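See structure below.
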Amino acid sequence: MPVSVRFGAAHTRYRSQVGEFELAVPLLAGVSTEPLWPGVLEAEQEPDGTLFLHGVEGPWRCAVLSVPLADSVADTAHAAYTRLLEAFGPARGLRIWNFVPAINAERDGLENYRAFCLGRHEAFLAHYGPGAERYFCAASAVGTEEPRLCVIALGAELPVSQLENPFQCPAYAYPEQYGPRPPSFSRASVVTGAEPVLYISGTSAVLGSASIAPGELAGQLATTGENLHRMLGQAERSLGAEAFARLRAPECRVYLRRAEDTPAVLAWLERQPWHDPARSRVVQADICRSELLVEIELSWPSALVSANAASEAHVHGCDPL
Ligand code: 3EB
């Protein structure tokens, strides 16, 4: 059974009978679910409260870890990423969604997001060694009220291209003022093919490495829109104009710090050329930098979420569409 993410649950849980991974992230507007995975995910509930889901469909990989917070967010992130990277083996990262507990709160003088970045970065370095940034993929990192770190990861045993935004400093090269270790992600990941897969990372009002229009929604939406536009341009270059033109409307997820900004965001979304209300949701989550109010991601998982349908068609002797 295909698996979707569902927003608006009271706490994190996997409902295998309906194929839904529920997140305790409030839904503010739009569609409550989003397709994640074409097939079955095996679920393991461990004695310490860890929930581990994993699946393989052809070249595609999925691993989900929801872990109770250990002594430090850095250690929790390090352990979770070490496990995920091991689970993926030779598969490349394609898209990682992170939900970090109390993301802007400080513990022992370090903001939880920065502690998360520290643990994540050390785990990537330990796994891949120098040059690990070539393995960073599209990602997002936002807050959650639950005292659990949740990491949802997709990978592929295929060539995955990682794209950057020429108007943004690569996150792995952010200066130290943003934390002791930089964020480990690329601005977009692409798998080319008859049906391409494309994930544009959580995108915010960041130019170079600086936050634009701190605390001001309209200004942040304008810059975020420009960054998304540039990433669409990068994706078009990577896929080629023809394949890019054939992409259907993307899944859109908006993370919003303040619920009261929902009407303004919905009005803005309606003006975006890529916007499809049937594939769009706005959720409440704190953003990794405390001055940021909004983060927006676009996903074209089509080949991935239809992989099962295609392989079933194959088994029954008809050509996949
Ligand atoms: C930024 O551009 C905004 O730490 O994985 C966006 C996407 C952001 C992913 C992450 C952080 C992450 O730096 C924040």
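When a ligand or atom number is given, it counts from 1 through the structure's own listing order. Quick caveat, the model's predicted, so the values are computed rather than measured.
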**Q.** Six-ring centre of F52, R83 cation under 6.0 angstrom, axis tolerance 45°
**A.** yes

Q.
Go through it in stages, so that I can follow the logic: the residues are Y135 and Y128, the test is ring pair (Phe, Tyr, Trp, His ring centres under 6.0 Å), and I'd like the CA-CA distance, side-chain angles, deciding distance and then a yes or no.
A. CA-CA 8 Å; Y135 297 90; Y128 291 113; 3.9 Å; yes

(Q) Using a 6.0 Å distance limit plus a 45 degree cone around the ring axis, check whether R61 lies over the aromatic ring of F88. (A) no

Q) Between R181 and E122, is there a side-chain N and carboxylate O pair less than 4.0 Å apart? A) yes

Q. Could you give the distance from OG1 (T203) to CD (E295), rounded to the nearest 0.5 Å?
A. 7.0 Å

Tabulating one pair per line, provide the atom names and distances (0.1 Å) for every N/O atom of ligand 1 that is less than 3.5 Å from a protein N/O atom.
unit_1   : atom_1 : unit_2 : atom_2 : d
ligand 1 : 2 (O)  : Y174   : OH     : 3.2
ligand 1 : 2 (O)  : R187   : NH1    : 2.9
ligand 1 : 4 (O)  : Y113   : OH     : 2.4
ligand 1 : 4 (O)  : R120   : NH2    : 2.7
ligand 1 : 5 (O)  : R120   : NH1    : 2.8
ligand 1 : 5 (O)  : R120   : NH2    : 3.4
ligand 1 : 13 (O) : Y174   : OH     : 2.7

Q | Ion pair check, E297 and R95, cut-off under 4.0 Å | A | yes

